[in-house]
Enquirer: 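Shown below is the structure under consideration.
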Amino acid sequence: MTSGLVDRHIGFLEALRAAGMSVSLAEDLDAIGALSVLPWSERETVRAAYAATLVKKQTQRPTFDALFDVYFPRMVGDGVRRDADDQPEPAAARDNAAALAAFREQLADALAEGDQQAMLELAAEMIARFGAMPGRGPGLSSWSAYTAMQRVAPNELVDRIVAALLADGRADDDARREAGRRMGGFTAMVEADARRRIAEEKGPEHVASVAVKPSIDRLDFTAARRSDLEQMRREIYPLARRLATRLTQEHHAKRRGPLDFRRTVRASVSTGGVPLETHHRPKRPHRTELVVLCDVSGSVANFAQFTLLLVYALRDQFEKVRAFTFIDHVHEVTHHFKPGADPGDVLTDLAAATAHAALWGRTNYGRALVKFEESYADALGPRSSLLILGDARSNYSDLHLDVLERLAGSARHAWWLNPEHRRHWDTGDSAASKYAAVVPMVECRNLTQLGEFVHDTLA
Amino acid sequence: MPQPSSWFSSPDDAATRLSASGYLADTATATTAYLAGALEKPLLVEGPAGVGKTELAKAVARVTDAELIRLQCYEGLDEARALYEWNYKKQLLFIQAATVSREATATTGLPQSVQDWESGIFTEEFLLTRPLLTAIRRDQPTVLLVDEVDKTDVEVEGLLLEVLSDFQVTIPELGTVSAVRRPFVVLTSNASRELSEAVKRRCLYLHLDYPDAEREREIVTSQVPDLEERVAGRLVETIGRLRDLELKKAPSIAESVDWARTLVALEIGELDEKAIADTLGVVLKHSSDQEKAVKELRLRS
């Protein structure tokens with residue numbers, strides 16, 4: 001390899017590490033080894049080689065793909081196709097109303113056909129023509145996916161795609177879904193092309209540090225967009241299944257109880273009376289009763305829902321689970337979690353039940369705690385664990401620390417999960433450290449942290 | 001520059017040969033399979049159940065005329081089942097025989113035939129080889145399939161490390177057995193548990209996912225040639241829509257093939273809403289999933 005290639009390779013690895021992937025030196029060498037036995041003529045082969053040797057977790061794959069596109073771009077500038085043109089068009093003619101209309105025609109055809117290659121080419125052309133922002137000061141990027149999307153407005157073409165798909169004999173809602181998917185794919189292509197051009201201008205490091213999103217299991221609950229939430233919800237059940245498997249295995253590993261003399265002797269008969277293997281009585285598994293008390297006010301509602309779903313998906317690991325939601329009033333939601341219920345329906349029910357948790361609609365932890373003690377004190381006993389979910393932002397009201405102390409005292413364990421970053425605790429109306437003095441408070445910002453907490457502490 | 005691999009000569013070669021044997025591999029799968037052979041590194045295949053992880057290992061064994069040795073992992077799998085075991089019963093019998101013959105020697109004054117049985121019982125004769133050791137000792141081409149590696153306990157992963165990185169096994173009483181000829185190792189995992197970094201670092205990684213509609217139709221028609229092209233298209237489309245729903249268990253490729261076989265067996269020539277509703281049990285195996293599918297696909301409405 002020439003030095004330029006090695007530099008690019010090292011830079012790519014550094015970017016992957018910076019994005020939170022653990023790429024070891026051994027894997028680095030494997031990647032080099034893989035590239036040296038492969039032809040480099042196909043970009044997808046190189047991508048597959050890098051992916052096979054460096055990416056060992058599927059959740060990291062989107063990050064990897066984004067960075068790969070930045071470091072090993074599909075083409076440089078406008079590509080060979082345009083360079084081959086004998087007569088470059090004058091700049092003015094490339095961007096005017098007529099050109100825009102013609103381009104939209106082309107785009108609508110490509111989208112209706114679902115032609116991936118044409119869509120890729122159009123995405124590149126779209127940025128080149130309508131996404132350029134020449135003459136901006138140094139430090140500002142001169143390509144913008146946003147500008148291009150605003151000008152071309154491909155979303156207005158959705159109806160045409162749907163019509164084309166319907167003509168193909170697709171069902172109505174199916175056609176809409178397919179059109180939405182193609183539009184999403186095209187938008188992603190346009191964004192990727194803008195990233196590629198910016199990387200070309202400013203070096204890939206610049207793009208790698210700003211434009212790549214964290215993977216879904218490390219994305220903050222509070223920073224998640226709607227599409228992210230959807231994806232997170234799909235992650236809950238696989239996560240619960242992984243946790244449950246891990247827990248069962250660990251329980252089994254720890255289950256060795258006292259020696260079962262009878263079975264050991266019986267087994268020794270087959271080896272001539274020599275007890276080669278000992279057998280043990282199983283240990284009785286200990287299961288916790290869990291009481292979850294969660295803040296469902298707007299700012300932390302997503303976090304509460306995910307945690308509730310996860311806890312319920314894992315309910316086999318617990319003796320019993322009771323769930324309460326509050327804003328300034330407490331409402332029991334245990335009955336919404338029927339075994340085998342669909343997570344989507346449960347979330348809808350929960351959202352509808354939020355109204356019961358509010359009297360005035362302003363979060364008031366103190367009042368919620370008092371109400372909980374009044375109405376549901378019997379939920380807590382010496383075998384139960386109390387789990388409170390919330391950001392501890394109580395609108396400067398009375399915190400009722402004494403009530404929390406009594407509640408925590410009557411339960412076997414108590415924890416508080418806070419979805420905010422530790423550095424935001426105690427800012428504004430957050431009473432995090434006051435509550436943390438009574439109940440141990442744990443930062444829980446994303447699915448990874450949530451999974452770790454449930455595994456290490458709760459079950 | 002390493003020698004050209006004895007398994008596949010190039011990614012394209014891997015793709016053509018695999019597809020000729022009935023396994024339709026995409027670029028990433030073919031490239032990774034080629035690399036696993038060329039770099040002689042184990043291949044860790046992860047993905048949902050029923051996307052053809054185990055089938056990949058079988059296909060590689062088929063096209064390279066190698067023998068497939070399979071180690072099915074399960075909870076509680078230990079060294080004795082995976083690697084090797086001493087044949088205790090035979091050893092005990094041998095010791096007893098030796099003791100008797102020594103006593104006989106003492107009384108009759110005959111020369112001692114079996115003197116030091118302590119060293120005699122730890123020889124090849126008393127060794128029971130299990131899949132991992134068998135795979136390493138073979139001098140013929142071998143594909144070693146370690147199936148559902150995520151089902152094992154963490155300790156077994158430690159056991160795999162020596163085998164996967166150096167292709168050798170250390171037996172304290174016999175010394176180290178190194179591979180005569182490196183096997184093509186495929187590990188499969190459903191990702192029900194995160195494997196340790198150490199294992200992952202030693203492997204090439206391939207994530208298999210549900211294929212796109214085009215590819216799935218090819219797979220279904222190649223597996224069930226009797227199925228009409230039009231029905232196959234409709235079937236794959238329906239499967240795609242089912243996967244878009246949030247189901248507990250999304251239908252796998254294996255289940256689409258089963259569905260196709262069902263339709264052929266029942267001689268259903270048109271996959272209309274009634275036919276889908278009647279045979280839904282072939283692809284969806286949770287009652288809540290079926291209810292949801294009926295609702296979302298507007299069957300029996």
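Below, read A as the first sequence line, B as the second, and so on, with proteins coming before strands; counting in each chain starts at 1. All values reported here derive from a predicted model rather than from experimental measurement.
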Enquirer: Which one, Ser287(B), Cys203(B), Ser10(B), Gly240(B), leads in non-hydrogen pairs under 4.5 Å with chain A?
Expert: Cys203(B)
Enquirer: For a quick test of reading the model, state the closest non-hydrogen atom pair linking Pro11(B) to Leu38(A) and the distance between them.
Expert: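 Closest approach of Pro11(B) to Leu38(A), heavy atoms only: CG-CD2, 3.5 Å.
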Enquirer: Hey, could you give me the OG1/CG distance between Thr53(A) and Leu35(B), rounded to the nearest 0.5 Å?
Expert: 7.5 Å
Enquirer: For residues Arg61(A) and His207(B), determine if any side-chain heavy atom of one lies less than 4.5 Å from a side-chain heavy atom of the other.
Expert: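 Not touching, per the 4.5 Å side-chain cut-off.
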Enquirer: Thr238(B) versus chain A, heavy atoms under 4.5 Å apart: side chain, backbone, both or neither?
Expert: neither
Enquirer: State the CD-CG distance between Gln58(A) and Asp209(B), to the nearest 0.5 angstrom.
Expert: 6.5 Å
Enquirer: Relative to chain A, which segment of Lys89(B) carries a heavy atom at a distance below 4.5 Å: side chain, backbone, both, or neither?
Expert: side chain
Enquirer: Count the heavy atoms belonging to other residues, nucleotides or ligands that lie under 6.0 Å from CZ of Arg43(A), then report whether that count exceeds 12.
Expert: yes
Enquirer: Chain A heavy atoms under 4.5 Å from Lys41(B): which part of the residue, side chain, backbone, both or neither?
Expert: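 The side chain, not the backbone.
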Enquirer: Considering residues, nucleotides and ligands other than Glu173(B), do more than 12 of their heavy atoms fall under 6.0 Å from its CD?
Expert: yes
Enquirer: If you measure from CZ on Arg202(B) to OG on Ser24(A), what distance do you get to the nearest 0.5 Å?
Expert: 9.5 Å
Enquirer: Could you give me the CA-CA distance, side-chain angles and deciding distance for Tyr205(B) and Lys57(A), then say whether side chain to side chain contact (heavy atoms under 4.5 Å, CB included) is met?
Expert: CA-CA 8 Å; Tyr205(B) 180 89; Lys57(A) 253 189 214 167; 5.7 Å; no
Enquirer: Heavy-atom distance under 4.5 Å to chain B: side chain of Ala51(A), backbone, both or neither?
Expert: backbone
Enquirer: Under 4.5 Å heavy-atom distance to chain A, tell me which part of Leu206(B) shows up: side chain, backbone, both or neither.
Expert: neither
Enquirer: Which atom pair, heavy atoms only, marks the closest approach of Ala48(A) to Ala28(B)?
Expert: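 Between these two residues, the closest heavy atoms are CB-CA, 4.0 Å.
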Enquirer: Do you know which of Leu92(B), Asn190(B), Thr27(B), Thr32(B) has the most heavy-atom pairs with chain A at a distance under 4.5 angstrom?
Expert: Leu92(B)
Enquirer: Checking Tyr34(B) side chain against Val37(A) main chain: does a donor-acceptor pair fall under 3.5 Å?
Expert: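 Yes, because the side chain of Tyr34(B) sits within donor-acceptor range (under 3.5 Å) of the backbone of Val37(A).
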Enquirer: In terms of heavy-atom proximity below 4.5 Å to chain A, should Glu197(B) be classed as side chain, backbone, both, or neither?
Expert: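 Only the side chain of Glu197(B) comes within 4.5 Å of chain A.
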Enquirer: Check each atom of Asp150(B) against the heavy atoms of chain A and say whether the ones under 4.5 Å are side chain, backbone, both or neither.
Expert: backbone
Enquirer: Looking at chain B, which one of Val274(A), Thr45(A), Asp30(A), Leu54(A) has the largest number of heavy-atom pairs inside 4.5 Å, strictly under?
Expert: Asp30(A)
